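Quantities reported herein were computed from a predicted structural model and do not represent experimental measurements.
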Amino acid sequence: MLWWIVFFLLVMVGQAQAETFYISPTGSNSNDGLTTSTPWLTFTYALDATRASCGDTLILRNGPYGDGTSTGKITISGRVCTAGNELILQAENQRQAKILDNGTGRAVYILDSAYITIDGLYARSTDNSGATSGTPFFTIRNNHVTLKNLVARNPNRYANVHVFAIEDSTDVLIENSEGYVFHRHCVEMWRSTRVTARQVYCNPRGGRIAGGNNAAAGL
């Protein structure tokens, strides 16, 4: 019985310490990140394990993030959270926080992690003939990831990439989301199990491009 009481108290303490933090394209890493008027600037700083981590919520204020800005893109690596103690990244206003990739990387990249929720973001890559990457949302080797209320567009159509890529993962939910301007898959589920996609609207809007990946394949 004593071990159960100790466990319960530890869980309660962990929940009590959960915080809400803010990040903005006009923020500063000298801020405390605790209010809308004192947001952080970069994802590398905000998503350090000593700041926004398991149990916490990072609110993205409106504006452009990623390539061409000072914020960097979103990478969550090796952040293994638990049920009821998830790390949540959420737009302050749905789809008004825009993560941009120049066609050489990934706008939102989650790997080797668990119990991560991404809510309300917009992510876009772009066509780049000199690159083999360029993905709006890419998740690999994760479990219990939730992707919801997202808009994603224009994976690099010169590369073998997708709008929402889910690879080598289990227990992933993608819902209430939209994907546009793509040439391969809207939602890719490669070597993954227990993946649920529901209420996802996909429209290629132009699809393949001349000289792009798989351009000669039949539709």
Check for a donor-acceptor pair, side chain of Arg141 on one end and backbone N or O of Ser113 on the other, with a separation under 3.5 Å.
no
For the residue pair Thr26 and Ser24, confirm or rule out a side-chain donor-acceptor distance under 3.5 Å.
yes
Report yes if the side chains of Arg184 and Val163 come closer than 4.5 Å at any heavy-atom pair, otherwise no.
no
Do the rings of Tyr65 and Phe43 sit parallel, tilted or perpendicular, given the 30° and 60° boundaries?
tilted
List the steps and the verdict of side chain to side chain contact (heavy atoms under 4.5 Å, CB included) for Val161 and Thr132.
CA-CA 8 Å; Val161 293; Thr132 58; over 6 Å; no
Treating Ile, Leu, Val, Met, Phe, Trp and Tyr as nodes and any side-chain heavy-atom pair under 4.5 angstrom as an edge, say whether Val187 and Trp190 lie in one connected cluster.
no
Any Ile110 side-chain heavy atom under 4.5 Å of Val145 side chain
yes
Quick one: does Leu34's side chain get under 4.5 Å of Glu19's, heavy atoms only?
yes
Do Arg153 and Tyr122 make a side-chain contact, defined as non-hydrogen atoms from C-beta onward lying under 4.5 Å apart?
yes
For the student: nearest non-hydrogen atoms of Gly84 and Glu86, plus distance:
N-OE2, 3.1 Å
Leu147, Val108: one ILVMFWY side-chain cluster at the under-4.5 Å cut-off?
yes
Under 3.5 Å, is there a donor-acceptor pair linking the side chains of Asn31 and Thr38?
no
Determine the minimum heavy-atom distance between Thr69 and Pro64, stating which atoms define it.
CG2-O, 3.6 Å
Applying side-chain contact (heavy atoms from CB on, under 4.5 Å) between Lys148 and each of Leu173, Asp119, Leu121, Ile174, report the one that passes.
Asp119
Are the side chain of Ser169 and the backbone N or O of Asn143 linked by a donor-acceptor pair below 3.5 Å?
no
Using a strict 4.0 Å threshold on nitrogen-to-oxygen distance, state whether Asp67 and Lys73 make a salt bridge.
yes
Within the 4.5 Å heavy-atom criterion, are Thr20 and Asp56 side-chain neighbours or not?
no
Out of curiosity, Ile74 CD1 to Ile118 CD1, how far, rounded to the nearest 0.5 Å?
6.0 Å
If you round to the nearest 0.5 Å, how far is CD1 of Ile116 from CG of Leu111?
10.5 Å
Decide whether Ile140 and Ile99 are clustered together by the hydrophobic rule: side chain heavy atoms of Ile, Leu, Val, Met, Phe, Trp, Tyr closer than 4.5 Å, transitively.
no
In Å and rounded to the nearest 0.5 Å, what is the CD1 to CG distance from Ile209 to Asn214?
12.0 Å
Shortest non-hydrogen pair, Ser53 vs Leu87, comes out as O-CD1, 3.3 Å
Tell me whether Arg51 forms a cation-pi arrangement with Tyr45, defined as NZ or CZ under 6.0 Å from the six-membered ring centre and within 45 degrees of its axis.
yes
Short question: side chain of Thr135, backbone of Phe137 - any donor-acceptor pair under 3.5 Å?
no
Interatomic distance, CD@Gln90 vs CD1@Ile59, rounded to 0.5 Å, equals 4.5 Å
Thr71 side-chain N/O to Thr42 backbone N/O, donor-acceptor pair under 3.5 Å:
no
Might you point out which heavy atoms bring Asn62 and Asn93 nearest each other, and give the distance in Å?
OD1-ND2, 3.1 Å
I want to check a possible cation-pi pair here: Arg106 against Phe138, using under 6.0 Å from ring centre and within 45° of the ring axis as the test.
yes
Treat each ILVMFWY residue as a node, draw an edge where side-chain heavy atoms are under 4.5 Å apart, and state whether Tyr180 and Leu150 are in one component.
no
Under 3.5 Å, is there a donor-acceptor pair between the side chain of Asn156 and the main chain of Asn128?
yes
Any side-chain heavy-atom pair of Asn29 and Thr44 under 4.5 Å
no
Same apolar cluster (I L V M F W Y, side chains within < 4.5 Å links), Tyr109/Phe164
no
Between Phe21 and Trp40, is the ring centre distance below 6.0 Å?
yes
Examine the side chains of Asn213 and Arg157 and answer whether a donor and an acceptor come within less than 3.5 Å of each other.
no
pair Ile23-Leu41: side-chain heavy atoms closer than 4.5 Å:
no
Looking at every heavy atom in both Pro136 and His162, which two are closest together, and how far apart are they?
CD-O, 3.6 Å
Once you round to the nearest 0.5 Å, how far does NE2 of His185 lie from CG of Asn160?
9.0 Å
For the residue pair Cys202 and Phe182, what are the closest heavy atoms and their distance?
CB-CZ, 3.9 Å
Output for pair (Cys186 SG, Glu188 CD), nearest 0.5 Å, gives 11.5 Å
Any donor-acceptor pair under 3.5 Å linking the side-chain atoms of Asn154 with those of Asp127?
yes
Does any donor atom in the side chain of Ser77 or Asp112 lie under 3.5 Å from an acceptor atom in the other side chain?
no
